[in-house]
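Beneath this line is the structure, given in C-alpha cells, with notes to follow.
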Protein chains: 2
Amino acid sequence: MTHGLDREWVQDALCALHDAGYQKGGARQAVIEALASHDCAVTALELEDDLRTSEVAVARASIYRALDQLEALRLVHRVDVGRGRASYERAERDGEHHHHMVCDRCGRVTPFEDGRLERAIRRVSDGATFDVKEHEIVLRGLCPRCS
Amino acid sequence: MTHGLDREWVQDALCALHDAGYQKGGARQAVIEALASHDCAVTALELEDDLRTSEVAVARASIYRALDQLEALRLVHRVDVGRGRASYERAERDGEHHHHMVCDRCGRVTPFEDGRLERAIRRVSDGATFDVKEHEIVLRGLCPRCS
DNA sequence: ATGACTGCAAAGCCTTTGCACGCAA
DNA sequence: TTGCGTGCAAAGGCTTTGCAGTCAT
C-alpha cells in the first residue's frame, strides 16, 4: 500500500501540531512519516513494524499517543475494520475520503470510493434524527486472490 | 431497546441449533432469549448484565461461546460499532437488515434503514473486485439528546 | 529551568482458552 | 456411558497509563 510519501500531508500535520502547541519530537515525527507512506488504513502494530525496520526506534506507547493526538486534530481518521483492532489513515484536507473492502479470509483491506454511495449517505444523514458528522462503510467478502 | 421478546426468532434459533447437532443447554438458551429481547446491537457485556438480573446465571465465557455458535449459523450478526467492543444482534430470516447511528458522546446506538442506500451498496458490490458478501454502515455524530 | 516528549513496564479491557464437573441423550 | 455444555480461572491481544529520564524551548 506504500505509494511514496505524501510530503504535503506531512507538512500539514507538522504545522497543525505546532499551531496546536505541540513541540517537536522524533517519535511523533516518525509516526507521521510512516502514516504518510500508506494510502490506506494501517493498524498501530503495523506501524510499529514499519518503524522497527526503519532507522528510528519508536515505542509502542508513543505510536498510540501520536495517533491519538493526530486524530484529535483530525489529521488522521480512525477506522474500525473489525476484530478489535483499530486502523488509522491520513485524513485529506479537502474532506475527500474512501471506504474499505475487507477480505474475510486473509484480512486484506482495499479502498474504494463511489459518488453515488456518498450521495445516498448524505441524503440519509440529512434526514436523520442524529446530527451526523461522519460515516464509515465496510464491505466484507473475499478478495480476488482468495475467492 | 427491549420491545418484547421475538419468540419466532427464538424458535428458529433453537431449531437451527438442534439441526446443527447442538444439544440443549440452559446458558445458551438464556443468551438466545436475551438477544431476542433486543431490537438492535448489544455487546456481550450488556447481555451479561441482562442475565445477571435474570433468574439464570450465565458465565461470561458461555455468552461468548453462544454468540460464536449463533454467528456461525448466521442467526446473529456481529456488528462493529467501534471502540474495540463487538456487538451482536438477531439476523432476520428474510435477510432484512438495518444499519447504525452511534452517538459520539453517550454511545447510544440507533438503527436505521434506507432502500436507496442499499441499492447504492449493491451497485458498488456488484462492480467490485471483491466477492462482497456483507456490508456494514455506521453513521457517527450526536444523538438528539446530546446535540 | 520548565515543561513537553519518550521508553519501559505495568495495568486495563474485552475476548478466548484450558480444564474439571455436570447434565443431556 | 459418552461427550456436549458450562463455570471458573488463567491466558491472550490490543490499548492505555504511570513514572522516570531526556530533550526542546
Side-chain angles (χ1 to χ4, degrees), chain A residues 13-35 41-52 54-73 75-76 78-88 107 109, chain B residues 13-35 41-52 54-73 75-76 78-88 107 109:
Chain A
L14 293 175
C15 201
L17 284 162
H18 178 79
D19 292 350
Y22 289 101
Q23 298 180 5
K24 269 175 96 165
R28 187 160 50 218
Q29 166 114 18
V31 171
I32 289 171
E33 287 175 1
L35 277 166
V42 285
T43 65
L45 272 44
E46 286 168 341
L47 289 176
E48 188 185 30
D49 280 344
D50 286 0
L51 293 169
R52 202 195 326 280
S54 84
E55 59 204 64
V56 230
V58 177
R60 186 172 298 186
S62 298
I63 296 174
Y64 282 108
R65 281 190 282 242
L67 290 171
D68 278 354
Q69 295 158 351
L70 292 167
E71 194 199 9
L73 294 176
L75 293 161
V76 308
R78 180 177 181 147
V79 176
D80 286 296
V81 290
R83 306 301 110 171
R85 292 163 248 263
S87 297
Y88 300 83
V109 177
Chain B
L14 293 175
C15 202
L17 285 162
H18 178 79
D19 292 350
Y22 289 101
Q23 299 180 3
K24 269 176 95 164
R28 187 160 49 219
Q29 165 114 18
V31 171
I32 289 171
E33 285 173 3
L35 276 166
V42 286
T43 66
L45 271 44
E46 287 168 341
L47 289 176
E48 188 185 30
D49 279 345
D50 286 0
L51 292 168
R52 203 195 326 280
S54 83
E55 58 203 62
V56 228
V58 177
R60 186 172 297 186
S62 298
I63 296 174
Y64 282 108
R65 281 190 281 242
L67 290 171
D68 279 353
Q69 295 157 352
L70 292 167
E71 194 199 9
L73 294 175
L75 292 161
V76 308
R78 181 177 180 146
V79 176
D80 286 297
V81 291
R83 306 303 110 171
R85 290 165 252 262
S87 296
Y88 299 83
V109 177

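The basis for the numbers below is simple: all heavy atoms, side chains too, and nothing from hydrogens, waters or symmetry mates. Every chain is numbered from 1 and lettered A, B, ... according to where its sequence line falls, protein lines coming before strand lines.
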Checklist entry - Along nucleotides 10-25 of chain D, 5' to 3', which nucleotides get a B, which get an S, and which get a -, given that the test is a protein heavy-atom distance under 4.0 Å? => result ----SBBBB-----S-

Checklist entry - Partners of A:A16 by side-chain contact (heavy atoms from CB on, under 4.5 Å), sequence neighbours excluded? => result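 A:L75.
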
Item to check | side-chain contact (heavy atoms from CB on, under 4.5 Å) partners for A:E46, two or more places apart | outcome: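 Applying side-chain contact (heavy atoms from CB on, under 4.5 Å) to A:E46 gives A:V42, A:T43.
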
Please tabulate, for side-chain N and O atoms in residues 27-35 of chain B, each donor-acceptor pair with protein atoms closer than 3.5 Å (sequence neighbours left out).
residue	atom	partner	partner atom	Å
B:R28	NH1	B:Q69	OE1	2.9
B:R28	NH2	B:Q23	O	2.7
B:Q29	NE2	B:E33	OE2	2.8

Checklist entry - Where do A:R85 and A:D80 come nearest, in terms of heavy atoms and distance? => result O-OD1, 4.4 Å

Interatomic distance, [X] [atom1] vs [N] [atom2] [rounded to whole Å]:
{"X": "B:Y22", "N": "D:dG3", "atom1": "OH", "atom2": "P", "result": "17 Å"}
{"X": "A:L17", "N": "C:dA4", "atom1": "CG", "atom2": "P", "result": "15 Å"}
{"X": "B:Q29", "N": "D:dT6", "atom1": "CD", "atom2": "C1'", "result": "15 Å"}
{"X": "B:R52", "N": "D:dC8", "atom1": "CZ", "atom2": "C1'", "result": "15 Å"}

Next on the checklist: Going by salt bridge (charged side-chain N to carboxylate O under 4.0 Å, His left out), name the residues that satisfy it together with B:R83, two or more places apart in sequence or in a different chain.
Outcome noted: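 With sequence neighbours excluded, B:R83 shows a salt bridge (charged side-chain N to carboxylate O under 4.0 Å, His left out) to no residue whatsoever.
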
Checklist outcome for this item: The salt bridge (charged side-chain N to carboxylate O under 4.0 Å, His left out) partners of A:D68 (sequence neighbours excluded) come to none

Next on the checklist: Using a heavy-atom cut-off of 4.0 Å across all strands, would you classify B:G21 as base, sugar-phosphate, or nothing?
Outcome noted: nothing

